[in-house]
There are 2 protein chains.
Amino acid sequence: MEDKEILRQHIAKTASLTEEEFEHFFSYFKPESFKKGEIIINEGDNVEKEYFVLSGCLKAFFMNDNIKMHILQFTMPTWWTSDYAALYNKTKATIIIDCISDTEVLSITNEAREKLCSELHQAEYFFRWRTNKGYVAAQKRLLSFMNNDAKTRYEELLALYPALYNMVPKHLIAAYLGVSRETLSRLYNSSK
Amino acid sequence: MEDKEILRQHIAKTASLTEEEFEHFFSYFKPESFKKGEIIINEGDNVEKEYFVLSGCLKAFFMNDNIKMHILQFTMPTWWTSDYAALYNKTKATIIIDCISDTEVLSITNEAREKLCSELHQAEYFFRWRTNKGYVAAQKRLLSFMNNDAKTRYEELLALYPALYNMVPKHLIAAYLGVSRETLSRLYNSSK
DNA sequence: TAGGATGAGTGACATAGGTCACATTCTGCG
DNA sequence: CGCAGAATGTGACCTATGTCACTCATCCTA
């Protein structure tokens with residue numbers, strides 16, 4: 001499917017845009033491609049854009065003392081990502097976003113999004129609902145952290161994204177679940 | 001300060017409304033009062049409203065098997081709360097919101113908020129940014145959970161909301177931090 | 001095609017934090 | 001005023017998970 005069509009269908013789930021409005025909406029986005037391993041946002045960067053993934057897979061993570069990696073999000077096609085704290089507050093990036101596989105995105109700058117939102121009420125509506133959903137998902141994950149042990153979280157994750165199991169290395173899954181790779185290895189070898 | 005004024009100043013930090021627009025905005029809200037211990041949203045309820053706290057303090061929490069309580073949020077004056085998963089998706093409440101002290105709020109129904117947002121572009125803008133901030137805060141808390149031990153999280157919380165220490169019982173702070181009350185007690189008695 | 005990354009499994013041990021039991025305040029209200 | 005429940009502190013013990021050290025398999029790529 002064409003880039004534009006992927007975005008169109010994604011937007012259409014939330015907001016109603018005329019053909020003309022969508023063309024305007026789309027004109028603010030810029031296609032970009034990245035290679036596996038490439039870093040899109042690095043710690044300390046000024047963050048200017050957010051990204052809508054068309055194909056491939058990204059991860060957004062925090063590095064603790066250059067030792068431990070904590071993954072906030074795997075970003076699959078039709079999901080959005082950025083260091084939103086840095087993007088919204090115009091501070092330096094504290095998280096890193098890089099490519100688990102070759103990835104194509106549509107990017108939009110903070111400035112362009114705000115312009116778009118002020119020009120087009122339905123764009124504002126769309127971005128409000130996108131974040132609403134993200135907020136609910138973040139709360140749910142927080143609750144899962146507080147309430148469940150590592151094994152339950154592991155099973156939850158696989159139920160939600162079966163594709164991940166074969167797509168990303170296990171030590172990254174461990175970094176998402178907040179356990180060591182050794183513990184993760186023991187968990188799924190014990191549950192067979 | 002009058003209720004209306006509190007809301008006005010809160011909105012003004014994000015959005016620009018004319019006097020007339022704010023009157024319209026405000027007309028959708030309804031003042032409500034609750035007593036300490038009163039339950040505002042209970043598990044299984046249909047959730048129709050969200051709440052803007054004027055005075056007092058609420059907590060939003062999840063009960064695990066009627067045994068363990070996990071607190072998602074303490075809601076202090078000028079913060080918003082609801083079971084947003086239930087409110088947005090029109091599902092039954094899975095979290096409980098009750099009053100830590102006598103509390104006054106302004107409530108707005110889901111329906112009214114949507115009507116308001118469609119009528120008034122700046123309202124849409126306001127609610128978009130409110131959730132943006134909530135999302136960033138939720139991510140930050142998630143990261144803190146993954147990255148820090150209980151003691152660090154405890155110190156973080158007190159640094160952020162010194163008022164909480166004297167306002168809410170310690171076992172509730174423990175339920176927010178995701179540790180047992182015994183552990184919390186040991187933490188701050190050891191750090192003196 | 002060999003050698004160095006990279007990913008993964010596993011045993012031994014350390015430790016943060018949970019659980020249980022009981023003692024000790026505090027506090028609101030009859 | 002006094003007492004029943006909350007709220008809190010603390011000791012003893014348990015358990016999930018982390019850490020370290022080592023091994024083995026896989027897969028690039030020079």
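- The listed nucleotides are dT10(C), dT19(D), dT17(D); the one nearest the side chain of V179(A) is dT17(D).
- For S185(B), the listed nucleotide lying nearest its side chain is dG9(D); candidates were dG9(D), dA8(C), dT8(D).
- Within the cation-pi definition used here (under 6.0 Å to the ring centroid, within 45° of the axis), K151(B) does not qualify as a partner of Y188(B).
- For E2(A) and R8(A), the salt-bridge test fails: no basic side-chain N is under 4.0 Å from an acidic carboxylate O.
- Closest to the side chain of S180(B), from the set dT19(C), dG9(C), dT19(D), is dT19(C).
- The heavy-atom pair separating L87(A) from R113(A) by the smallest distance is CD2-NH2, 3.4 Å.
- Per the geometry, CZ belonging to R153(B) stands 11 Å off C1' belonging to dA16(C), to the nearest Å.
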Notebook entry, point to check: Step by step, would you call E156(A) with R153(A) a salt bridge (charged side-chain N to carboxylate O under 4.0 Å, His left out)?
Noted result: CA-CA 5 Å; E156(A) 249 178 36; R153(A) 295 206 302 282; over 6 Å; no
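- Going from atom CE of M167(B) over to atom P of dA7(D) covers 15 Å, rounded to whole Å.
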Would you tabulate the nitrogen or oxygen pairs shorter than 3.5 Å linking the protein to nucleotides 20-29 of chain D?
| unit_1 | atom_1 | unit_2 | atom_2 | d |
| --- | --- | --- | --- | --- |
| dC20(D) | N4 | E182(A) | OE2 | 3.1 |

Note to self: Show, in sequence, the C-alpha distance, side-chain angles and deciding distance for K36(B) and D102(B), and conclude whether the salt bridge (charged side-chain N to carboxylate O under 4.0 Å, His left out) test is met.
What the structure shows: CA-CA 4 Å; K36(B) 179 176 176 175; D102(B) 292 0; over 6 Å; no
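- Separating the NZ atom of K151(B) from the P atom of dT15(C) is a distance of 16 Å, rounded to the nearest angstrom.
- One can place NZ of K170(B) at 16 Å from C1' of dT10(D), the figure rounded to the nearest angstrom.
- Within the 4.0 Å cut-off from OP1 or OP2 of dT8(D), not a single side-chain nitrogen or oxygen of Y188(B) is found.
- Rounded to whole Å, the distance from OH on Y165(B) to P on dA7(D) is 15 Å.
- The heavy-atom pair separating F52(B) from I6(B) by the smallest distance is CE2-CG2, 4.0 Å.
- One interatomic measurement links the two molecules: CG of N147(A) to C1' of dG18(C), which rounds to 15 Å at whole-angstrom precision.
- Taking atom CG of residue L177(B) and atom P of nucleotide dG17(C), one finds them 11 Å apart after rounding to whole Å.
- Among the atoms of the strands shown, only primed sugar atoms or phosphate atoms (P, OP1, OP2) are found under 4.0 Å from some heavy atom of G178(A).
- Comparing the start and finish of the helix from dT1(C)-dA30(D) to dG30(C)-dC1(D), five pairs each, the helix axis swings through 40°, to the nearest 10 degrees.
- Counting heavy atoms from C-beta outward, F25(B) and L7(B) have side chains that approach closer than 4.5 Å.
- Phosphate contact (OP1/OP2 of dT19(D), side-chain N/O of K68(A), threshold under 4.0 Å): present.
- A ring-centre distance under 6.0 Å is not found for F74(A) and Y161(A).
- At dT8(D), one or more side-chain N or O atoms of H171(B) fall inside 4.0 Å of OP1 or OP2 (strictly under the cut-off).
- The nucleotide whose nearest atom lies closest to any side-chain atom of T183(B) is, among dT19(D), dG18(C), dG9(C), dG18(C).
- For R141(A) and F145(B), the positive end is not near the middle of the six-membered ring at less than 6.0 Å and at most 45° from its axis.
- Atom OH of Y154(A) is separated from atom C1' of dT17(D) by 17 Å (rounded to the nearest Å).
- No donor-acceptor pair closer than 3.5 Å links the side chain of T14(B) to the backbone N or O of F126(B).
- Of the candidates dT19(C), dG9(C), dA16(C), dA16(C) carries the atom nearest the D149(B) side chain, counting heavy atoms from C-beta on.
- The side chain of A150(A) approaches dT17(D) more closely than any other nucleotide in the set dG18(D), dT19(C), dT17(D).
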